[in-house]
Amino acid sequence: MTNELNGETGSLRYLDADHVQHPSGTFAGLMLCSKNDEQLGSISGVLVEPASRCVRYFVVARRAALRTRHYLMPADTPAVLDAGDRKLRMIENADDLERFETRVEPFSEEDAITAMFARPAA
């Protein structure tokens, strides 16, 4: 895991994919694919920074040998949402996924208040 993420985890909160809306639904069940249409895993949620109201990372669940592991994809990674196929296609390389093992607090009511009353994101 990068040092950048280690320094950020205190300010980040986990929000389940069921609660993340996009124009044609939620992220629940959305598959992350490579630019070659290789399935990399499903979007299980996002890491948000409540004060800036910004999504920083997508959390990707991948099954491997009877176990689910979680990986991060930076939210600024170029990707295309195909709502009809329920796929988020990465433009970048699949090797850019980063193993995610740090515990992050879930998004709370206090975080919602912070997001509502914080200065607008620049």
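Residues take their numbers from the sequence shown, with the count starting at 1. Quick caveat, the model's predicted, so the values are computed rather than measured.
A salt bridge is absent between Arg56 and Asp76; no separation between the charged side-chain nitrogens and carboxylate oxygens falls under 4.0 Å.
Looking only at distances, no side-chain donor or acceptor of Arg13 sits under 3.5 Å from a matching main-chain atom of Glu49. Checked by atom type and distance alone, the side chain of Asp16 pairs as donor or acceptor with a backbone atom of Asp18 at under 3.5 Å. Checking side-chain atoms of Arg53 against main-chain N and O of Val48 turns up no donor-acceptor pair under 3.5 Å. With hydrogens and angles ignored, the 3.5 Å screen pairs no side-chain donor or acceptor of Ser42 with any backbone N or O of Ser44.
Taking CG from Leu81 and NZ from Lys87, the interatomic distance works out to 12.5 Å, rounded to the nearest 0.5 Å. The CG atom of Leu72 sits 9.0 Å away from the CG atom of Leu12 when rounded to the nearest 0.5 Å. The distance from atom CZ of Phe58 to atom NE2 of His70, rounded to the nearest 0.5 Å, is 15.0 Å. Distance check: Leu88 CG to Asp82 CG gives 10.0 Å after rounding to the nearest 0.5 Å. A distance of 9.0 Å separates NZ in Lys35 from CE in Met90, rounded to the nearest 0.5 Å. Distance check: Met73 CE to Leu47 CG gives 12.0 Å after rounding to the nearest 0.5 Å.
Considering all non-hydrogen atoms of both residues, Gly41 and Arg62 come closest at CA-CG, 4.0 Å. When all heavy atoms of Ala61 and Thr68 are compared, the closest pair comes out as CB-CG2, 3.8 Å.
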* CA sep, side-chain torsions, deciding dist, call: Val46, Tyr57, side-chain contact (heavy atoms from CB on, under 4.5 Å) -> CA-CA 6 Å; Val46 296; Tyr57 297 93; over 6 Å; no

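By the 4.5 Å heavy-atom criterion applied to side chains, His22 and Val20 are not counted as neighbours.
Under the 4.5 Å side-chain contact rule for hydrophobic residues, Val55 and Leu15 share a cluster.
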